[in-house]
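Note sheet for the following structure.
Protein chains get the first letters and strands the later ones, always in sequence-line order, with residue 1 at the start of each.
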Number of protein chains: 2
Amino acid sequence: MLKEERQRLILDKLNTDKKINFVELGKFLDVSYDSIRRDIIELEDKGFLKKVHGGAVANSYLSVLGTKTNGASSSEELGILSKKAQKLFENRQTIIMDGGTTNFFMAEQLAKTLELTIVTNSTPLAMALNEHPRIDVIFLGGTYFKRYQITLGSEVSRQLEHINADYYFMGVNGVDAQKGLSIRHYEESLIKQQMMQAAKKTVCCTIEEKLNVQEAHRVCNFQQLDLMITNLKPTDVALKDFQKQGVEII
Amino acid sequence: MLKEERQRLILDKLNTDKKINFVELGKFLDVSYDSIRRDIIELEDKGFLKKVHGGAVANSYLSVLGTKTNGASSSEELGILSKKAQKLFENRQTIIMDGGTTNFFMAEQLAKTLELTIVTNSTPLAMALNEHPRIDVIFLGGTYFKRYQITLGSEVSRQLEHINADYYFMGVNGVDAQKGLSIRHYEESLIKQQMMQAAKKTVCCTIEEKLNVQEAHRVCNFQQLDLMITNLKPTDVALKDFQKQGVEII
DNA sequence: AAGAATACTGCAAATGTATGCAAAGTTTTT
DNA sequence: AAAAACTTTGCATACATTTGCAGTATTCTT
């Protein structure tokens, strides 16, 4: 096995597991503990990860290569969700969409004939719209965060001040009826709050795995949403708590 | 077996396996280890792959843009050009790079250990830098032009006002000793002019096909360049007219 | 503080690399 | 068609990198 190949595998594994253990990894890749350790040191020098006692953890700048969907089941859920969302779009609308797999998937599924303006801070999303000739894209510039492949920071914020959109499609890590919509990255939560301000209505598209999940930074309360779209039927028992809040759910 | 034929087989194998081991391959193709190794060196110089200890791994450039590239010859030229350009980069520099295959290729080839800030308006370029943990990316937001996968317009312009870069690597469609550097898209030519203002030195990387080509919109005169990098030897007769202009050419 | 787990160091074996050289093969020139 | 010039190839050599191991030091856990 080539050293480079092994290091690639280490990074991949780190990407999915967020942390790795030398001994385990050595057995898994069938090389000595020392080789793994030396690889880790090398990768740390290059800045790909952080070495800790007993292993290594993902560096916040670590690239996310698996932008694609995370497995068949989740892709099916996205399909259902996306189909529901498509009904909202009408010609001449201006839509804010941020990063995340859900939004990316929805953008890809948009009808080729739709005439929209989409405002985004996500590079994969912008590129997904290359195939949609009638959709204008406004890209919000700023500091680029490789991990999420989005821009953030005051420059994004400043540009948002001049935007008046019809909808904001918010991607989140967790949706909880009591704890609200939340996300892992602090800066991102701030931008999301501003995106809400910049749109008449905020829509949250989320697959069932994210329901009742709470992450570190709250973007807003659940009631502040105008609409939630999930892959479940609106009457599904899993949505009971959410239905009580008076937010439209489809 | 012809060398060409063998190199084609090597590339094919690399395409499917993503990696190559010299010993295995030597047995497989029934040629000496050394021939394989020399082939790999040659292919690396042309930018087709990356040589590592004991073998070679796929160059991400080919896997990403693989089908889009304009033929093998052009990739070879880019490899030579890119190698020359790499000498300019030093830690802590701020570099403006706009769109185009040349810049994209160069960005991918940057050393993983380089500590740079790269300012760009090209989405593929920003994403190419995901793999460079020490490179900060500032993305210039604005109106997104799908055709070139870059942003343009007044918003980009406004953000550029606050940038002071060390180098600007300009991508162009045509370079002519008399008619200057030119490009097809009007708006883009304006942004390029501003990018020149925002950097101490402007560098133009161009393959020979673009020499003596004139496009609709002139960005600047040839003399305004600080450095031109081509795939040719500086002494090449095709560069005669350019050499007279007093611009450094490597 | 003791014991366990993990990390570091230096070393030797295995493997890989660079280079020069001569033979074989190709192309160009005469 | 022969000779000359150039390229490619395989091999031998010396040098460099990678790897696993053993011994020792350090850090973590209880």
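- Applying the side chain to side chain donor-acceptor pair (under 3.5 Å) definition to pairs two or more places apart or across chains, none involves residues 235-244 of chain B.
- Side-chain N/O atoms of Arg6(B) include one lying less than 4.0 angstrom from OP1 or OP2 on dT9(D).
- The distance between the ring centers of Tyr33(B) and Phe22(B) falls below 6.0 angstrom.
- Every side chain to side chain contact (heavy atoms under 4.5 Å, CB included) that Glu24(A) has, sequence neighbours left out, goes to Asn21(A).
- Between Phe89(B) and Phe169(B), the ring center distance clears the sub-6.0 Å criterion.
- Residues satisfying the side-chain hydrogen bond (donor to acceptor under 3.5 Å, both in side chains) test with Glu187(A), not counting sequence neighbours, are none.
- Residues satisfying the side-chain hydrogen bond (donor to acceptor under 3.5 Å, both in side chains) test with Asp17(A), not counting sequence neighbours, are Lys13(A).
- Each end of the helix from dA1(C)-dT30(D) to dT30(C)-dA1(D) gets its own axis from five base pairs, and the two axes differ in direction by 40°, given to 10 degrees.
- The pair Glu188(A)-Lys192(A) counts as a salt bridge, with a side-chain nitrogen and a carboxylate oxygen less than 4.0 angstrom apart.
- One can place CG of Leu25(A) at 15 Å from C1' of dT6(C), the figure rounded to the nearest angstrom.
- Closest approach to the Lys3(B) side chain among dG10(D), dG20(D), dT9(D) is made by dT9(D) (side chain taken as heavy atoms from C-beta onward).
- Remark: of the listed residues Leu152(A), Ile150(A), Asp98(A), Thr151(A), Leu152(A) is the sole one forming a side chain to side chain contact (heavy atoms under 4.5 Å, CB included) with Ile191(A).
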**Complete:** B/S/- along nucleotides 15-28 of chain C (protein heavy atoms under 4.0 Å) is -SBBBB--------
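- Rounded to whole angstrom, the span from the CD atom of Gln7(A) across to the C1' atom of dT18(D) amounts to 12 Å.
- With rounding to whole Å, Ile36(A) atom CD1 is found 15 Å from dC8(C) atom P.
- OP1 or OP2 of dT19(D) has not a single side-chain nitrogen or oxygen of Ser32(A) nearer than 4.0 Å.
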